[in-house]
Amino acid sequence: MRHLSTEFRMMKVFLALLLPMILCAATARAAEATPNDVYTQAVRIEAEVDSLKRHFKITGKARVEAKSGDLKPRHVWAGTYVILLKLGKLRRKQGLTFIEPVNVEPLLDITPSQSWGMTQRILTEIAILKHRLDIPGQPPAAVPLSGKRPIDTYNKLHQISGDLDLLVGASTPNDVYSEAKRLHEDVTALLRHQRIFDEAVPPPRRDNLLPKDSLQAVFMLLAEVQHLQRAHGLTTTDFKDFEMGDKATPDDVLVMIELALAELQSLKARLGMTHAVTASGSYEENKTAADVVQLLGYVTAKLREVQSK
């Protein structure tokens with residue numbers, strides 16, 4: 001009997017130790033967000049942006065073109081970054097201090113959980129704005145949804161981004177140049193990491209350029225990023241639906257720069273730059289499409305240096 005009693009006590013101790021581990025594992029699984037969860041939060045953000053529009057007596061929705069393609073969670077993350085940028089512009093427009101969006105360390109694969117976290121930052125930033133502007137109301141409760149893919153969430157975020165333009169104005173070459181500088185810093189860091197002597201030079205400046213020229217420059221840069229991705233065993237994404245031709249606007253260019261940055265992060269992670277967080281943007285003035293094209297051409301030349309070594 002004493003032997004059975006000892007075994008029973010040992011079993012109780014074992015179960016006492018095992019149960020928290022089981023509960024922690026279940027919690028960890030439950031904490032992983034899905035594309036459905038991220039889309040649900042995007043719907044809440046849309047409602048909050050609508051409340052901002054009502055406060056400023058702005059009606060209607062922005063006209064944006066839905067995109068197609070096999071986008072990944074990293075592209076959704078890029079969409080949330082654009083929204084935080086524009087909320088920062090709204091703060092500045094209302095006489096408040098600009099808040100820089102957060103950045104994430106390079107990852108081979110951003111998960112929906114990272115994008116979900118960004119949606120919470122957006123909701124918090126809007127809550128702060130509403131408090132400062134004395135706008136009543138809370139975001140609606142989350143309504144569970146199913147069957148949503150990253151492209152669905154991206155399109156919802158793209159619509160929200162367009163609606164924010166109704167509040168802050170359309171993106172400008174200044175905004176685009178600021179984000180292009182982040183690409184420049186990232187690629188320069190990549191050259192340093194690979195111990196490649198930087199022999200690239202900026203291309204000659206060409207005047208009288210348009211947003212379509214800036215967008216073409218982003219796609220040329222992206223082609224070099226994708227060449228490196230394939231060389232290092234990474235999958236690439238077809239962004240054909242983001243080519244706008246003569247209809248291109250500075251916002252289209254801004255969007256593609258953020259997507260190119262998202263693509264670059266997987267390459268940085270593959271090359272071991274796991275703690276090389278992309279630099280923050282900067283405030284720019286008096287920039288034109290010519291400035292943007294020249295800078296993007298310079299970054300593209302730097303990427304070709306990586307390929308040639």
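Note that the structure is a prediction, hence the values are computed from the model and not measured.
The same ILVMFWY cluster, assembled from side-chain heavy atoms under 4.5 Å apart, contains both Met256 and Leu228. Linking ILVMFWY residues whenever their side-chain heavy atoms come closer than 4.5 Å, directly or via other members, places Leu303 and Phe219 in the same cluster. Leu145 and Ile151 fall into different hydrophobic clusters, where Ile, Leu, Val, Met, Phe, Trp and Tyr residues are linked whenever their side-chain heavy atoms come under 4.5 Å apart, directly or through other members. Residue Leu133 is grouped with residue Ile58 when hydrophobic side chains (ILVMFWY) are merged at heavy-atom distances under 4.5 angstrom, including chains of intermediate members. Two different hydrophobic clusters hold Leu210 and Leu254 under the rule that ILVMFWY side chains link at heavy-atom gaps under 4.5 Å.
Thr40 contributes a side-chain N or O that, together with a main-chain N or O of Asn36, makes up a donor-acceptor pair within less than 3.5 Å. Asn155 places no side-chain N or O within donor-acceptor distance of the main-chain N or O of Asp152, the cut-off being under 3.5 Å. Of the possible polar contacts, none joining the Lys93 side chain to the Gly88 backbone as a donor-acceptor pair under 3.5 Å is found. A donor-acceptor pair is defined here as one N or O able to donate and one able to accept, closer than 3.5 Å; such a pair exists between the side chain of Thr300 and the backbone of Leu296.
Contact annotation: the side chain of Asp70 never approaches that of Asp238 to less than 4.5 Å [non-hydrogen atoms, C-beta and beyond]. Residues Leu87 and Ile122 are in side-chain contact: their nearest non-hydrogen atoms beyond the backbone lie under 4.5 Å apart. The closest side-chain heavy-atom distance from Ile126 to Ile45 is below 4.5 Å. Counting only heavy atoms from C-beta outward, the side chains of Val292 and Asp213 never approach each other to under 4.5 Å. Counting heavy atoms from C-beta outward, Asp186 and Gln265 have side chains that approach closer than 4.5 Å. Side-chain contact check for Asn103 versus Arg182: some heavy-atom pair is nearer than 4.5 Å. Between Lys156 and Lys148, the closest side-chain pair of non-hydrogen atoms is not below 4.5 Å. A 4.5 Å side-chain heavy-atom check between Leu90 and Lys86 finds every atom pair outside the cut-off.
The minimum heavy-atom distance between Pro73 and Ile110, with the atom names listed, is CB-O, 3.3 Å. Arg44 approaches Pro139 most closely through the heavy-atom pair NH2-CG, 3.7 Å. The heavy-atom pair separating Ala260 from Leu221 by the smallest distance is CB-CD2, 4.4 Å. Nearest heavy-atom pair across Glu32 and Ser113 is OE1-OG, 3.2 Å. Between Ile196 and Val306 the shortest heavy-atom distance is CD1-CA, 3.7 Å. The minimum heavy-atom distance between Gln294 and Pro203, with the atom names listed, is NE2-O, 3.0 Å.
Arg205 and Asp291 are joined by a salt bridge, as a carboxylate oxygen and a charged side-chain nitrogen come within less than 4.0 angstrom of each other. Using a cutoff of 4.0 Å between basic side-chain nitrogens and carboxylate oxygens, Asp109 and Lys72 are not scored as salt-bridged. In summary, Lys67 and Asp241 do not engage in a salt bridge, as defined by a charged side-chain N under 4.0 Å from a carboxylate O. A salt bridge does not link Lys89 with Asp165: none of the charged nitrogens is closer than 4.0 Å to a carboxylate oxygen. Under a 4.0 Å N-O distance rule, the pair Glu243/Lys240 does not qualify as a salt bridge.
For the pair Lys302 and Tyr298, the cation-pi test (distance below 6.0 Å, angle within 45°) is passed. Geometrically, Arg92 engages Phe98 in a cation-pi contact defined by less than 6.0 Å to the ring centre and at most 45° from the axis.
A side-chain N or O of Gln114 and one of Thr111 form a donor-acceptor pair less than 3.5 Å apart. A donor-acceptor contact under 3.5 angstrom links the side chains of Thr172 and Asp175, judged on distance only. For the residue pair Asp163 / Gln159, a side-chain donor-acceptor distance below 3.5 Å is found, with atom types taken as modelled. Side-chain polar atoms of Tyr39 and Gln41 form no donor-acceptor pair below 3.5 angstrom. Looking at Gln229 and Ser266, their side chains do bring a donor and an acceptor atom within 3.5 Å of each other. Side-chain atoms of Gln226 and Glu263 include no donor-acceptor pair closer than 3.5 Å. Checking Glu284 against Ser282 by side-chain atom types alone, a donor-acceptor pair falls below 3.5 Å.
Under the side chain to side chain contact (heavy atoms under 4.5 Å, CB included) test applied with Leu215, the options Val293, Val253, Thr249, Ile257 reduce to a single match, Val253. Just one residue in the list Thr153, Val38, Asp37 forms a side chain to side chain contact (heavy atoms under 4.5 Å, CB included) with Ser115, and that residue is Val38.
Surrounding CD of Glu105 are more than 12 heavy atoms belonging to other residues, nucleotides or ligands, all under 6.0 Å away. Environment of CG in Asp207: crowded, with over 12 heavy atoms of neighbouring residues, nucleotides or ligands closer than 6.0 Å. The number of heavy-atom neighbours closer than 6.0 Å to CE of Met220, taken from other residues, nucleotides and ligands shown, is 12 or below. Within a 6.0 Å sphere centred on NZ of Lys61, other residues, nucleotides and ligands contribute more than 12 heavy atoms.
With rounding to the nearest 0.5 Å, the separation of CG in Leu259 from NE2 in His75 is 6.0 Å. Glu285 contributes atom CD, which lies 7.0 Å from atom CG of Asn174 (distance to the nearest 0.5 angstrom). To the nearest 0.5 Å, atoms CG (Leu183) and CG (Leu261) are separated by 4.0 Å. In this structure, Glu179 CD and Glu258 CD are separated by 4.0 Å, a value rounded to the nearest 0.5 Å. Note: Leu166 CG to Arg63 CZ = 12.5 Å, rounded to the nearest 0.5 Å. For the atom pair CG (Leu108) and CG (Leu234), the distance works out to 6.5 Å, reported to the nearest 0.5 Å.
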Check against side chain to side chain contact (heavy atoms under 4.5 Å, CB included), Gln138 and Glu48:
CA-CA 8 Å; Gln138 299 294 322; Glu48 285 288 79; over 6 Å; no
Could you check Leu71 against Val76 for side chain to side chain contact (heavy atoms under 4.5 Å, CB included), going step by step and ending with a plain yes or no?
CA-CA 8 Å; Leu71 297 193; Val76 173; 5.8 Å; no
For the pair Leu157 and Ile83, evaluate side chain to side chain contact (heavy atoms under 4.5 Å, CB included) and give the outcome as yes or no after the intermediate values.
CA-CA 8 Å; Leu157 295 171; Ile83 289 174; 3.6 Å; yes
As a quick check of understanding, evaluate side chain to side chain contact (heavy atoms under 4.5 Å, CB included) for Tyr177 and Asn286, giving each step before the final call.
CA-CA 10 Å; Tyr177 191 87; Asn286 304 317; over 6 Å; no
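Phe239 and Phe242 have perpendicular rings, their planes meeting at more than 60° on a 0 to 90° scale where under 30° would count as parallel.
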